[in-house]
Amino acid sequence: MRIGIYGGTFNPPHLGHMAAARDAARALKLDRLILIPDNTPPHKQLPQNSATAEQRLEMTRILADRLSSRETRFEASDIELRREGRSYSAHTLTQLREQYPQEELWLLMGTDMFLTLHQWYRPDIICKCANIAAFGREKGDEARFSEQKEKMEREYGAKVEIISLPGLVEGSSTQLRQALSEGRGEDLLEQSVYGYILRKGLYGVNKDLTRLSLPELRAASYSMVKAKRLPHIRGTEEEAALLARRWGADEEDARKAAILHDCTKYWTLEEQLQYCEKYGILLDHAERNMLPLLHAKTGAGVARQVYGMPEHICDAIFWHTTGKADMTLLEKILYIADYAEPTRSYDWCARLRELVLEDLDAAVLYGLNVTIRHNQGRHNPIHSRTLEARDFLLRQGVRDVCPLETEFH
Ligand code: DGI
Ligand code: FE
Ligand code: FE
């Protein structure tokens with residue numbers, strides 16, 4: 001296995017880091033790339049409104065998750081943050097070498113770093129533990145690079161590879177922090193990293209979270225979930241907007257509800273329960289043990305408490321997983337957009353996508369049937385609200401396009 005190691009302050013991690021990491025992973029055919037936020041040296045004055053070490057780690061984790069692909073798994077490591085005081089690469093690499101005795105390690109570094117590598121603490125240890133991958137940058141540097149490469153190979157037995165990075169985005173973190181404090185710089189950040197900065201109010205970004213624009217709300221909400229959920233959330237937003245136009249609901253409300261509907265999906269059971277306790281969200285016995293149902297309740301709570309959403313939007317999020325009897329138009333739209341959105345690819349989705357434009361209630365009933373069938377198939381208990389929602393629609397004489405009986409037997 002080929003493992004890359006990319007250290008930096010990551011204050012904040014930006015598109016330049018992202019491009020460098022991605023290009024290096026491709027050039028070196030890395031199976032894994034470990035991003036390592038460093039301990040800021042004690043003598044270095046931390047800029048005002050700077051992120052804490054924990055926050056730099058979290059932003060780096062978000063970036064790593066966004067970068068991960070089938071070819072390369074990216075991750076963030078707290079190996080240096082866990083260590084007291086200044087971190088030396090020689091120490092970190094010794095530790096990683098012990099952890100991965102058999103793997104091929106590649107230490108990535110920028111131009112300036114590479115040209116001064118012989119002056120680092122114990123370059124002999126560094127070069128013994130890992131190969132060196134230096135980002136070639138400016139034209140005209142070639143001579144200095146090959147001179148340094150030869151020197152490192154001769155004096156330390158290093159194995160050095162110079163990689164050119166086509167996608168390198170220039171820009172210093174100092175300038176980026178300055179831009180952020182002046183309300184600019186968003187375009188130099190990955191969307192979810194910017195969302196995290198928004199949520200935490202870092203680097204002087206001081207937005208009122210209860211008055212975010214739709215793009216800001218997307219960034220903030222996306223920063224709470226994993227990359228693999230984003231296509232679903234985007235799909236749900238587009239489906240909900242389509243249905244709002246079709247059935248005469250407020251399109252912006254439908255978008256907001258969809259953007260936030262799964263924002264707490266990755267909270268642990270403990271986090272979900274703690275949040276419900278804190279904000280007085282009542283749970284029945286069944287719900288306490290059903291993790292997949294809790295994100296709807298806590299998502300609604302976050303929509304209200306953090307993003308100041310009005311009650312009717314929070315309600316749509318609250319009921320989006322189980323449904324309930326007598327739903328409002330917006331509640332129905334979110335409930336069924338979650339199923340009918342384009343990235344869901346079950347066999348029944350094509351039929352549902354037609355139905356949802358012909359007869360909204362019949363589509364909701366169809367969705368309830370699918371949920372019941374899905375959970376029965378897994379021997380999960382069916383939540384009473386789901387059954388009540390179904391009974392309500394049947395009593396209203398809604399078309400039952402996919403009756404449970406025929407589906408099940
Ligand atoms: O959050 P999504 O995956 O987009 O969709 P969702 O909010 O509809 O959640 C679906 C999950 O909830 C899925 O894992 C099935 C589960 N679920 C939905 N209704 C019930 C249920 N689980 C149980 N045990 N009982 C239900 O009635
Ligand atoms: Fe959900
Ligand atoms: Fe969803």
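When a ligand or atom number is given, it counts from 1 through the structure's own listing order. Nothing here was measured: the structure is a model prediction, and the numbers come from that model.
- Note on K265 versus D262: no salt bridge recorded, every NZ/NE/NH1/NH2 to OD/OE distance being 4.0 Å or above.
- Counted within 6.0 Å of CD on E270, heavy atoms from surrounding residues, nucleotides or ligands total 12 or fewer; the atom is thus considered open.
- Donor-acceptor pairing under 3.5 Å is recorded for the side chains of Y100 and R32.
- Nearest protein heavy-atom contact of atom 27 (O) of ligand 1 is H383 N, 2.9 Å.
- Nearest non-hydrogen protein atom to atom 19 (N) of ligand 1 is T371 CG2, 3.2 Å.
- Atoms of ligand 1 lying under 4.0 Å from any heavy atom of T386, numbered from 1 in the order shown and given with element: 27 (O).
- With distances taken over non-hydrogen atoms, the option nearest atom 24 (N) of ligand 1 out of P292, P381, S384 is P381.
- Taking a 6.0 Å sphere around NZ of K324, one finds it holds more than 12 heavy atoms contributed by other residues, nucleotides or ligands.
- Note on ligand 1: E341 sits outside its first shell, no heavy atom being nearer than 4.0 Å.
- Contact atoms of ligand 1 toward M290: 23 (C), 24 (N), 25 (N) (distance under 4.0 Å to a heavy atom of the residue).
- For the Fe ion (ligand 2), protein N/O/S neighbours under 2.8 Å (waters excluded) are D262 OD1, H295 NE2, H320 NE2.
- At a 4.0 Å cut-off, at least one heavy atom of H295 sits close enough to ligand 1 to count as contact.
- Note on ring orientation: taking the six-membered ring where Trp is involved, the planes of Y121 and Y88 are tilted (angle from 30° to 60°).
- Remark: among candidates N375, T264, T322, D338, the nearest residue to atom 8 (O) of ligand 1 is D338, based on non-hydrogen atoms.
- T268 pairs by the side chain to side chain donor-acceptor pair (under 3.5 Å) definition with E271, not counting sequence neighbours.
- Using a 4.0 Å cut-off to heavy atoms of L293, the atoms of ligand 1 that qualify are 17 (N), 18 (C), 19 (N), 20 (C), 21 (C), 22 (N).
- For R229, the closest heavy-atom approach to ligand 1 falls below 4.0 Å.
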So E54 and T52, side chain to side chain donor-acceptor pair (under 3.5 Å) or not? Walk me through it. CA-CA 5 Å; E54 208 43 56; T52 64; over 6 Å; no

E239 vs I333, test: side-chain contact (heavy atoms from CB on, under 4.5 Å). Steps then yes/no. CA-CA 9 Å; E239 188 70 25; I333 285 176; over 6 Å; no

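- A salt bridge between E75 and R73 is present, with a side-chain N of the basic residue lying under 4.0 Å from a carboxylate O of the acidic one.
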Please lay out, stage by stage, how T9 and N11 fare under the test side chain to side chain donor-acceptor pair (under 3.5 Å). CA-CA 5 Å; T9 306; N11 189 25; over 6 Å; no

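- When each atom of ligand 1 is checked for a heavy atom of H232 under 4.0 Å away, the hits are 4 (O).
- Looking only at protein heavy atoms, the nearest one to atom 7 (O) of ligand 1 is T321 OG1, 2.7 Å.
- In this structure, a donor-acceptor pair under 3.5 Å is present between the side chains of E287 and H383.
- Residue-level proximity to ligand 1 for R385 is absent, since no heavy atom of it falls below 4.0 angstrom.
- Of all protein heavy atoms, the one closest to atom 3 (O) of ligand 1 is K265 NZ, 3.2 Å.
- Taking 4.0 Å as the cut-off between side-chain N and carboxylate O, E237 and R234 do not count as a salt-bridged pair.
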Evaluate the criterion side chain to side chain donor-acceptor pair (under 3.5 Å) for residue pair Q95 and R83; output intermediate values, then yes/no. CA-CA 12 Å; Q95 211 173 322; R83 206 178 291 145; 2.7 Å; yes

